[in-house]
Amino acid sequence: MKYIRVWPVLFLLLGLGGCFSIKERETLSLPAPDIGKAHNIAGQKLQNFQEKKENAAQLPAVLGGVISSERWVIYKDKEQEEFEGNVSYDNGTYLFRAQYALSDRKKNLFTAKKQVYARKNETDKSYYELYADKATYQYSTADGTATANKGKRIKLIYHDAKGALVTALAQKADFNVKQKVYHLTGNVLVTHQDPLGKVSTLKADKISADQANNRAFLQGNAVVENADYRLQSQTIEYDGTQQMAYAYGNRPLASGKTPDGTFAIIADKVSAQTDTRKIKLSGQVQGWVVSEQINNSKANESLNTNF
């Protein structure tokens with residue numbers, strides 16, 4: 001059984017968090033000359049421009065531009081900045097677009113709505129993309145969300161430097177950058193295409209990943225499959241450190257084909273070594289294989305049953 005690593009697409013969320021945290025710091029510290037040029041806000045008080053200019057020295061070195069929009073308003077008492085209409089930011093590393101954005105300094109919260117797009121470019125030429133209807137980032141706790149409107153799904157894309165492509169669709173994504181924990185919920189589909197064009201997919205009601213501990217959980221109607229194998233279960237757990245995957249709940253079903261024939265087997269629990277591609281089934285094992293010679297064939301390198 002071949003499994004795919006789900007980390008690349010979940011790294012998109014890490015990129016999103018960094019992008020939003022930079023936006024917030026930027027909206028609170030915009031250099032006066034660029035603000036005046038970009039927004040040309042009639043009646044803006046000189047004092048506000050001066051405050052922005054004085055705070056500009058605190059900007060991280062990575063910033064190379066400012067947020068632009070058709071309308072920009074400062075609510076000084078609320079410590080908020082609001083951007084409307086073709087909101088955008090691009091410093092070469094981070095690219096961000098939306099139709100609306102609000103920076104709330106008191107709440108340490110950045111919110112973007114309507115046609116949200118974010119991209120993070122890596123030095124190795126790989127890059128991450130996010131499409132959503134709404135996204136938020138709480139930069140004091142590093143918590144963030146990305147959501148889609150009813151009937152739609154957010155899209156997360158990872159373009160590997162070597163040509164691999166990972167795409168994830170979900171109704172919602174929650175993440176914490178500091179803890180490196182990510183959750184995709186609602187009709188989740190993750191597709192991985194390697195540089196040779198081979199495709200593998202993950203499906204579940206919810207997919208969670210603990211990047212720090214190299215673990216992932218597929219919960220609810222979970223399915224992992226490629227052109228040759230399919231594993232479906234209520235829950236599928238992946239341990240990247242041990243190179244092991246476990247399926248349990250609602251009698252997992254493993255099916256597929258080998259050079260010697262096809263098979264379909266159910267059991268109380270299914271485990272697989274992702275490096276050796278061996279599958280082990282335990283507890284009331286039932287199923288079939290089409291080849292009469294399969295017990296004496298190379299398929300035994302991939303199928304081991306424990307009754």
Side-chain angles (χ1 to χ4, degrees), residues 1-10 157-158 160 162-170 184 187-209 214-307:
M1 178 71 68
K2 185 177 181 180
Y3 287 77
I4 66 174
R5 298 177 68 91
V6 298
W7 309 129
V9 70
L10 295 170
I157 306 173
Y158 171 64
D160 182 81
K162 296 181 180 180
L165 179 66
V166 182
T167 303
L169 302 175
L184 301 176
N187 193 20
V188 183
L189 170 64
V190 179
T191 303
H192 174 272
Q193 179 176 304
D194 70 17
L196 298 178
K198 295 182 179 180
V199 177
S200 300
T201 61
L202 305 172
K203 300 177 183 178
D205 296 333
K206 179 179 181 178
I207 296 180
S208 300
N214 201 19
R215 298 177 69 90
F217 299 88
L218 285 70
Q219 298 172 290
N221 302 306
V223 177
V224 178
E225 62 183 328
N226 60 21
D228 297 321
Y229 301 103
R230 176 184 174 91
L231 176 62
Q232 62 185 76
S233 179
Q234 182 64 22
T235 302
I236 299 176
E237 177 182 348
Y238 174 68
D239 186 335
T241 302
Q242 299 296 324
Q243 290 292 298
M244 290 292 298
Y246 309 92
Y248 47 89
N250 291 349
R251 301 275 288 164
L253 170 63
S255 60
K257 61 184 179 180
T258 73
D260 302 281
T262 60
F263 67 92
I265 303 174
I266 61 174
D268 291 338
K269 184 176 181 179
V270 178
S271 61
Q273 290 181 285
T274 59
D275 52 352
T276 64
R277 299 177 63 180
K278 289 184 178 180
I279 302 173
K280 293 185 179 181
L281 306 102
S282 59
Q284 303 183 60
V285 179
Q286 297 174 307
W288 53 264
V289 292
V290 299
S291 173
E292 295 181 358
Q293 303 298 322
I294 197 166
N295 289 329
N296 299 316
S297 72
K298 295 181 178 179
N300 275 320
E301 295 178 3
S302 298
L303 293 173
N304 295 306
T305 58
N306 297 325
F307 295 87

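Atom set for the values below is all heavy atoms of this structure, side chains included, hydrogens, waters and symmetry mates excluded.
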Write down the atom of V188, the atom of I207, and the distance for their closest heavy-atom approach. CG1-CD1, 3.6 Å
With rounding to the nearest 0.5 Å, note down the distance linking CG in L165 to CG in D160. 9.5 Å
At what distance, to the nearest 0.5 angstrom, does OG1 of T235 lie from NZ of K206? 11.0 Å
Roughly how far apart are T241 OG1 and N214 CG, rounded to 0.5 Å? 4.5 Å
Does some side-chain heavy atom of V270 sit less than 4.5 Å from a side-chain heavy atom of K280? no
One pair to check against side chain to side chain contact (heavy atoms under 4.5 Å, CB included): S208 and Q219. What are the steps and the verdict? CA-CA 8 Å; S208 300; Q219 298 172 290; 4.2 Å; yes
For the atom pair NZ (K257) and CG (D228), what is the distance rounded to the nearest 0.5 Å? 5.5 Å
Which pair of heavy atoms, one from A164 and one from H192, lies closest together, and at what distance? CB-NE2, 4.3 Å
Apply the test side chain to side chain contact (heavy atoms under 4.5 Å, CB included) to residues V166 and V190: give CA-CA distance (whole Å), side-chain angles for both, the deciding distance (0.1 Å), then the verdict. CA-CA 7 Å; V166 182; V190 179; 4.0 Å; yes
Side-chain heavy atoms of T191 within contact of V199, under 4.5 Å: yes
Using the side chain to side chain contact (heavy atoms under 4.5 Å, CB included) rule, take T262 and W288 through it: C-alpha gap first, then chi angles, then the decisive distance, then the call. CA-CA 8 Å; T262 60; W288 53 264; 3.4 Å; yes
Please find the pair of heavy atoms, one from A267 and one from S282, that lie closest to each other, and give the distance. CB-O, 3.6 Å
First locate atom OH of Y229, then atom CZ of F263, and finally report the distance between them rounded to the nearest 0.5 Å. 6.0 Å
Could you walk me through whether T201 and L189 pass the side chain to side chain contact (heavy atoms under 4.5 Å, CB included) test, one step at a time? CA-CA 7 Å; T201 61; L189 170 64; 4.3 Å; yes
If you measure from OG on S255 to CD on E225, what distance do you get to the nearest 0.5 Å? 8.5 Å
Nearest atoms (heavy-atom pairs only) where S200 meets N226: OG-CB, 3.5 Å
Between the side chains of R251 and Q234, does any donor sit under 3.5 Å from an acceptor? no
Quick check against the 3.5 Å criterion: does S233 have a side-chain atom that pairs as donor or acceptor with the backbone of Y248? yes
Check: V224 and L218 side chains under 4.5 Å, non-hydrogen atoms: yes
Got M244 and E237 here, is their nearest side-chain heavy-atom distance under 4.5 Å? no
